Q: 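Before I ask anything, here is the structure I am working with.
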Amino acid sequence: MRKFAMILAASGLALAACSSDNASETEPKEETVNTEEAAKESETAEATKSAEEGEGVNVDKGLFNVEVTIPASFFEGEDPEQAAADAEAEGVGEATVNEDGSVTYKMSKARHKELMEELATSMEEAKNEITESGDFPSIQSIESSKNYDNFTVNVDREAYENSFDGFATMTLGMIGSYYQIYDGADADSFEVVIEMADAATGEVFDTITYPEALEEMGEE
């Protein structure tokens, strides 16, 4: 249950990091009238993704709104009240601290879609930065799945194994993990798998799995 907190602590990611400068959103007029009642009446017509209450990250998609509930255990060492205030300040949506210490982020479906698009953009920018900045010269290209739960990093193996370029995988693993969480993945079972491949032969010579990699780092 500490996985999400470890991801945030290690990466420095917060809701502000994936919000645009103009994050405040104007709700469509049709969404402002009896939104709650309409959402409840239309639940059977909408696909709902949810984890067991109090255990995983609960993403509930209604007609107009999306609610993301993060359990109290994910805020270990953090202040849920501050997290909620920061989210609202950044225009993510309405944030409520529940009696059990969990936090529910409520936003329009349009805002949730925008948030996921911003995360995807952040990931693509990170991939480009890794391969084009020159800071990680052994890394030649990065391939990823559509929802960023699998990556193949093609490298000059000899150069890679004699460098610290492996730190680049932390960015992929942590943004990928964040994407999974807000897309409704179960907090106790999601994985982001990064395969390191020799660009010359195509051989996968190492596999890194997040968030387990962060847990292992914390134990050292």
Side-chain angles (χ1 to χ4, degrees), residues 1-40 42-43 46-123 147-148 174-188 190 211 214:
M1 297 301 291
R2 299 176 56 210
K3 292 179 180 179
F4 188 74
M6 293 181 68
I7 291 167
L8 294 183
S11 65
L13 288 173
L15 292 171
C18 57
S19 297
S20 61
D21 292 337
N22 298 315
S24 296
E25 178 182 348
T26 300
E27 296 288 337
K29 291 183 180 179
E30 64 269 23
E31 293 186 16
T32 62
V33 180
N34 296 325
T35 299
E36 294 295 331
E37 293 180 7
K40 291 180 181 179
S42 304
E43 284 180 352
E46 293 295 317
T48 300
K49 296 166 71 176
S50 62
E52 292 184 4
E53 184 177 358
E55 293 186 359
V57 173
N58 180 10
V59 178
D60 185 7
K61 299 180 180 179
L63 179 61
F64 296 130
N65 295 316
V66 175
E67 292 188 359
V68 180
T69 299
I70 302 177
S73 57
F74 286 11
F75 294 95
E76 185 175 341
E78 304 293 330
D79 181 2
E81 293 285 353
Q82 187 60 53
D86 290 344
E88 291 189 342
E90 293 300 328
V92 173
E94 177 185 341
T96 303
V97 179
N98 304 310
E99 291 184 0
D100 63 356
S102 63
V103 177
T104 297
Y105 300 107
K106 182 178 180 180
M107 64 197 80
S108 68
K109 293 189 75 173
R111 181 65 186 114
H112 182 259
K113 180 181 179 181
E114 183 180 82
L115 180 63
M116 299 307 295
E117 289 174 348
E118 289 169 358
L119 283 167
T121 297
S122 294
M123 177 61 82
N147 65 341
Y148 303 116
M174 290 183 292
I175 299 180
S177 295
Y178 201 65
Y179 189 96
Q180 302 310 308
I181 288 294
Y182 268 79
D183 199 34
D186 187 286
D188 291 323
F190 81 91
L214 291 179

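All values below were derived from every heavy atom in this structure, side-chain atoms included, with hydrogens, water molecules and symmetry-related copies excluded. On a predicted model such as this, the values are computed, not experimentally measured, just so you know.
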Q: Who pairs with Y179 by side chain to side chain donor-acceptor pair (under 3.5 Å), at least two apart in sequence or on another chain?
A: none

Q: With rounding to the nearest 0.5 angstrom, report the OH to CG distance, Y182 to L119.
A: 9.0 Å

Q: Do you know which two heavy atoms are closest between A84 and V97, and how far apart they sit?
A: CB-CG2, 3.9 Å

Q: Less than 4.0 angstrom from a charged side-chain N to a carboxylate O is my criterion; do E117 and R111 meet it?
A: no

Q: Run the side chain to side chain contact (heavy atoms under 4.5 Å, CB included) check on I175 and Y148 step by step: do they pass?
A: CA-CA 9 Å; I175 299 180; Y148 303 116; over 6 Å; no

Q: Would you please name every residue forming a side chain to side chain contact (heavy atoms under 4.5 Å, CB included) with N98, sequence neighbours left out?
A: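 Side chain to side chain contact (heavy atoms under 4.5 Å, CB included) list for N98, sorted by chain: T69, T96, D100, S102, T104.
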
Q: Compare all side-chain heavy atoms of M107 with those of N65 and state whether any distance is below 4.5 angstrom.
A: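 No; the side chains remain at least 4.5 Å from each other.
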
Q: How far does OG of S108 sit from NZ of K113, to the nearest 0.5 angstrom?
A: 11.0 Å

Q: Could you tell me whether the side chain of T121 reaches within less than 4.5 Å of the side chain of E118, counting heavy atoms only?
A: no

Q: Between the main-chain N or O of N147 and the side-chain N or O of Q180, is there a donor-acceptor pair closer than 3.5 Å?
A: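 Side chain of Q180 to backbone of N147: a pair is present.
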
Q: With a 4.5 Å cut-off on side-chain heavy atoms, are S122 and Y178 touching?
A: no

Q: What's the separation between atom NE2 in H112 and atom CE in M116, rounded to the nearest 0.5 Å?
A: 5.5 Å

Q: Output all residues satisfying side chain to side chain contact (heavy atoms under 4.5 Å, CB included) with E88, sequence neighbours left out; order by chain, then residue number.
A: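 Once residues adjacent in sequence are excluded, the partners of E88 under the side chain to side chain contact (heavy atoms under 4.5 Å, CB included) criterion are E94, A95.
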
